[in-house]
Each structure stands twice: as structure tokens, then as C-alpha cells.
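In what follows, a structure is listed as C-alpha cells, so that the remarks can point back to it.
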Amino acid sequence: MSIKITFIGAGNMASSLAGGMIAKGMDPINITLCDINEQQLAQVRKQLQVNTTRDNINGCQKADVVVLAVKPQVMEQVLAPLQGLFQQRKPLVLSIAAGITLAKLQQWLGQDMPIVRCMPNTPALVETGATGLFANTNVTATQREQARTVMAAVGLALWVENEDQIDAVTAVSGSGPAYFFLVMEAMVAAGTALGLSEQVAKQLTLQTALGSAQMAITSDVEPAELRRRVTSPGGTTERAIGIMEDNKLREIFAEALQGAYQRSKELSG
Ligand SMILES: NC(=O)C1=CN([C@@H]2O[C@H](COP(=O)(O)OP(=O)(O)OC[C@H]3O[C@@H](n4cnc5c(N)ncnc54)[C@H](O)[C@@H]3O)[C@@H](O)[C@H]2O)C=CC1
Ligand SMILES: O=C(O)[C@@H]1CCC=N1
């Protein structure tokens, strides 16, 4: 990939995406990260050997693709000074901000800008990210492929059918790693309470998470059936799953994801 990519914002997500792209073979010389925080820039320079700048306009001068990776709350003020340059150069803009609609981005950058809303997640850092994408009508077929290729460099990249589904993607996979990390935390704590050392409980938990995901991904069988195969009648799993069902685990997930979906909508203001 010899396209030039600039990230506005050099935080968690930008460094995960840039790190994943470099791990996939992209030359860091073609990657620029912009941030107002010099410490943040020093860290990514050291970690990734990318170009960095505190000047967003300067950082976007040569970019073919600009990834908007600042918090949704500051997006409007960050984009205002960039509108002139973007109108001249028309780079492909990928926004990863939760809840910021294409309508808002077009209002801030120009109605004719090619923009793709993307919702990645942090496992992009280890090339196992999951991203949902939706493009506005200014994006050409070549640019669609460019956007997909950028995100596919760090994992699964899927187009969704309409913009509303990006909020659902945010609830499922954007925020999703945090749900699994919480489950890991809870299992390690519970295993430790049962007498295992924290280190052993952690290793067993993480390997179990990895193995379960691997099985679910590679098998033709549905997760529900894989679960049943672990659950011997009258056995230990049945007892544990029964307690989870009695405590309404499914309802908790339904409510939690509905909350994330609603919050994604609220962030669009
Ligand atoms: N963290 C996650 O798991 C995911 C986050 N997102 C989205 O990614 C975006 C970034 O999130 P994080 O990386 O977690 O946030 P972060 O807080 O780690 O990074 C944001 C960076 O933007 C910088 N910044 C603030 N004002 C700036 C300006 N005027 N010019 C340049 N840089 C500026 C901050 O200094 C900070 O380093 C958000 O919009 C979020 O909704 C999307 C998917 C997953
Ligand atoms: O929590 C958030 O708002 C962002 C979006 C998805 C993951 N992190």
C-alpha cells in the first residue's frame, strides 16, 4: 500500500490502526499522526516510527486518506480549520468517531466530500479488529475499495446496508472488546476466589477465551451448539449456565447493547 494516510488524533484507536497497518507491511514513512498532545506524539513516534505533527493542516497536505480519530465531542472544532484544504485536495475521509453522522461531517467539510463512516475496534492493534463501514454517495468505487483495504489491513472489514447500522456495529463490535475484557476480569476474580493463584486463573481464562473464539470462528457449528457440547447433563457447566440464565445474562446484554446504540445516536447531537 503506497497511499499516504494521515490520522487526526493519535490516541488509542489511531495508534491501534497505524500499528496494525505497519504490522501488515505498510511503510511507516507513508503514515502521519497529528495530535495536540506532544507526549502522545512522542510515544507513537517511538513505538511506530511514523511521521508526527502538532499541526493538523500541515499533516494533511499530502494525504490521500485522512482518518478522523478524535473524540466525537471535539470533531466540529477540529474540522473547521481543515475545510479549506480538504475542499482543494478532496482526500478520502474515513471517520471512526462514534455517533458522528455523515450529514454532520458533510456539513462541516463540504457536501461534496467523499466520506466513509467506519467503526473499528481496538483489537486492530493485533490485526484481529472488526470494522463496519458505510460510505456516502460521493465515494467512488475505487475509494470504497481503498477504504475497505485500509480497514482490512487490521482485520475483518464489512460494509453495512445503511448508516443506522453503524450505531448497531458500535454497540456490538466497537464497544465489544470491553464486554469480553469485563468477562475476563470477572472470571479471573472468581477463579482466584476459588483458590487459584491470580496468574494461573488469568492464563486459564485468557486461553479459554482464545480457544472458544477460535472454535466459534473455524467451526461450521453455531455457538449455541458448541455451548451444548460443553454442557454435560447434570454436570458443572449446566449448573453455571443455569445460574447465568437465572440472573438474566441475555437480558443484561440486550439492555447493555441497546444502551450503547442509544448513546451512539445521542453523540450525533
Ligand atoms: N477506543 C475505542 O475502542 C474506539 C474508539 N472509536 C472512536 O475513535 C475516536 C478516538 O477514540 P480514542 O482513540 O479512544 O480516543 P483518545 O482520547 O485515545 O484519542 C484522541 C486523541 O485526539 C487528540 N486530540 C484532541 N484534540 C485534537 C486536535 N484538535 N487535533 C488533533 N488531535 C487532537 C487527543 O490529544 C487524543 O490523543 C473516538 O471518536 C471514538 O468514538 C471508535 C472505535 C473504537
Ligand atoms: O466508548 C466509545 O464511545 C468508543 C466507541 C466504541 C468504542 N469506544
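Fair warning: this is a prediction, and the values are worked out from it, not measured in the lab. When a residue number appears, it is its place in the shown sequence, counting from 1.
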Task: Donor-acceptor contact below 3.5 Å, side chain Arg89 vs main chain Gln61 - done: yes
Open item on the list: Taking the side chain as everything from C-beta on, heavy atoms only, tell me whether Thr101 gets closer than 4.5 Å to Gln106.
Closed with: no
- [ ] Could you pull out the closest heavy-atom pair between Ser173 and Pro177, with the gap in Å?
- [x] O-CD, 3.1 Å
Task: Side-chain touch Ile100/Trp108, heavy atoms, less than 4.5 angstrom - done: yes
Open item on the list: Test side-chain contact (heavy atoms from CB on, under 4.5 Å) on Ile22 and Val50; report intermediate values, then the result.
Closed with: CA-CA 9 Å; Ile22 292 164; Val50 288; 3.8 Å; yes
Open item on the list: Using a 3.5 Å distance criterion without hydrogens, assess whether the side chain of Thr170 forms a donor-acceptor pair with backbone atoms of Ser264.
Closed with: no
TODO: Have a look at Leu92 and tell me which of Val116, Thr140, Val150 forms a side-chain contact (heavy atoms from CB on, under 4.5 Å) with it.
DONE: Val116
TODO: Please name the pair of heavy atoms, one in Ala14 and one in Ala10, separated by the smallest distance, quoted to 0.1 Å.
DONE: CB-CA, 3.9 Å
- [ ] Taking the side chain as every heavy atom from C-beta outward, state whether Phe86 and Val66 have any pair of such atoms under 4.5 Å apart.
- [x] yes
TODO: Please list all pairs passing the salt bridge (Lys or Arg N to Asp or Glu O under 4.0 Å) test where one or both residues lie in residues 162-172, with sequence neighbours left out.
DONE: Arg117-Glu163, Arg117-Asp167, Asp164-Lys265, Asp167-Lys265
Open item on the list: Grouping I, L, V, M, F, W and Y whenever their side-chain heavy atoms are under 4.5 Å apart, do Val67 and Leu79 come out in a common cluster?
Closed with: no
TODO: Please report the shortest heavy-atom distance between Glu238 and Pro233, naming the atom on each side.
DONE: OE2-CA, 3.7 Å
Task: Interatomic distance, Glu255 atom CD to Lys248 atom NZ [nearest 0.5 angstrom] - done: 12.0 Å
Task: Rounded distance [0.5 Å steps], CD in Gln207 versus CD in Gln214 - done: 9.0 Å
Open item on the list: Do Ile115 and Leu94 sit in one hydrophobic cluster, given that two such residues count as connected whenever their side-chain heavy atoms are within less than 4.5 Å of each other, even indirectly?
Closed with: no
Task: Glu222 with Arg228: basic N within carboxylate O range, under 4.0 Å - done: no
Task: Pro81 vs Asn56 side-chain heavy atoms within contact, under 4.5 Å - done: no
Task: Pairwise side-chain contact, Phe134 with Gln165, heavy-atom cut-off 4.5 Å (strictly under) - done: no
- [ ] Please report the closest heavy-atom contact between Asn121 and Ala130, naming both atoms and the distance.
- [x] OD1-N, 3.0 Å
Open item on the list: By the side-chain hydrogen bond (donor to acceptor under 3.5 Å, both in side chains) test, which pairs, at least two apart or in different chains, include something from residues 180-202?
Closed with: none
Task: Hphob cluster co-occupancy, Phe180 + Val188, side-chain heavy atoms under 4.5 angstrom - done: no
Open item on the list: If hydrophobic clusters are built from ILVMFWY residues whose side chains come within less than 4.5 Å, do Leu267 and Tyr261 share one?
Closed with: no
Open item on the list: Nearest 0.5 angstrom please: Ser16 OG to Met21 CE, how far?
Closed with: 10.5 Å
Task: Between CG on residue Leu33 and CZ on residue Arg54, distance to nearest 0.5 Å - done: 15.0 Å
- [ ] Indicate yes or no for a side-chain donor-acceptor contact from Asn51 to the backbone of Ile31 under 3.5 Å, with no hydrogens or angles considered.
- [x] yes
TODO: Could you grab the distance from atom CD1 of Ile36 to atom CG of Asp55, nearest 0.5 Å is fine?
DONE: 12.5 Å
- [ ] May I ask you to list the residues sharing a hydrophobic cluster with Leu158, side-chain cutoff 4.5 Å, ordered by chain and number?
- [x] Leu156
Open item on the list: Show, in sequence, the C-alpha distance, side-chain angles and deciding distance for Val221 and Arg229, and conclude whether the side-chain contact (heavy atoms from CB on, under 4.5 Å) test is met.
Closed with: CA-CA 11 Å; Val221 175; Arg229 289 181 189 176; 3.6 Å; yes
TODO: Verify the neighbour count for atom CD of Glu251: are there more than 12 heavy atoms of other residues, nucleotides or ligands below 6.0 Å?
DONE: yes
- [ ] Find out whether Cys60 and Leu82 are in side-chain contact, i.e. whether some heavy atom of one side chain is under 4.5 Å from a heavy atom of the other.
- [x] yes
- [ ] Would you give the length of the straight line joining atom CG of Asp64 to atom CD1 of Ile3, rounded to the nearest 0.5 angstrom?
- [x] 6.0 Å
Open item on the list: Donor-acceptor pair, distance only, cut-off 3.5 Å: does the side chain of Ser15 make one with the backbone of Asn12?
Closed with: yes
Open item on the list: Surrounding CD of Gln39 (heavy atoms of other residues, nucleotides or ligands, distance under 6.0 Å), is the total greater than 12?
Closed with: no
Task: Non-hydrogen side-chain atoms of Met75 and Leu105 separated by less than 4.5 Å - done: yes
- [ ] With the side chain counted from C-beta on, respond yes when Ile5 and Met26 share a heavy-atom pair under 4.5 Å apart, and no when they do not.
- [x] yes
- [ ] Indicate the atoms forming the closest heavy-atom contact of Ala124 with Leu17, along with that distance.
- [x] CB-CD2, 3.9 Å
- [ ] Dump the intermediate steps for side-chain contact (heavy atoms from CB on, under 4.5 Å) on Leu206 and Met184, then the final yes or no.
- [x] CA-CA 7 Å; Leu206 301 194; Met184 290 175 198; 3.4 Å; yes
Open item on the list: On a heavy-atom basis, which atom in Ala23 and which in Glu127 lie closest, and how many Å separate them?
Closed with: CB-OE2, 3.0 Å
Task: side-chain contact (heavy atoms from CB on, under 4.5 Å) between Met151 and Ile96, intermediate numbers included - done: CA-CA 11 Å; Met151 290 300 166; Ile96 66 165; 4.1 Å; yes
Open item on the list: For residues Leu102 and Val78: do they belong to one hydrophobic cluster (side chain heavy atoms under 4.5 Å, members Ile, Leu, Val, Met, Phe, Trp, Tyr)?
Closed with: yes
TODO: Compute whether any side-chain donor of one residue and acceptor of the other, for Asp112 and Gln87, lie under 3.5 angstrom apart.
DONE: yes
Open item on the list: Looking at Ile252, I want to see if its CD1 is surrounded by more than 12 non-hydrogen atoms of other residues, nucleotides or ligands under 6.0 Å.
Closed with: yes
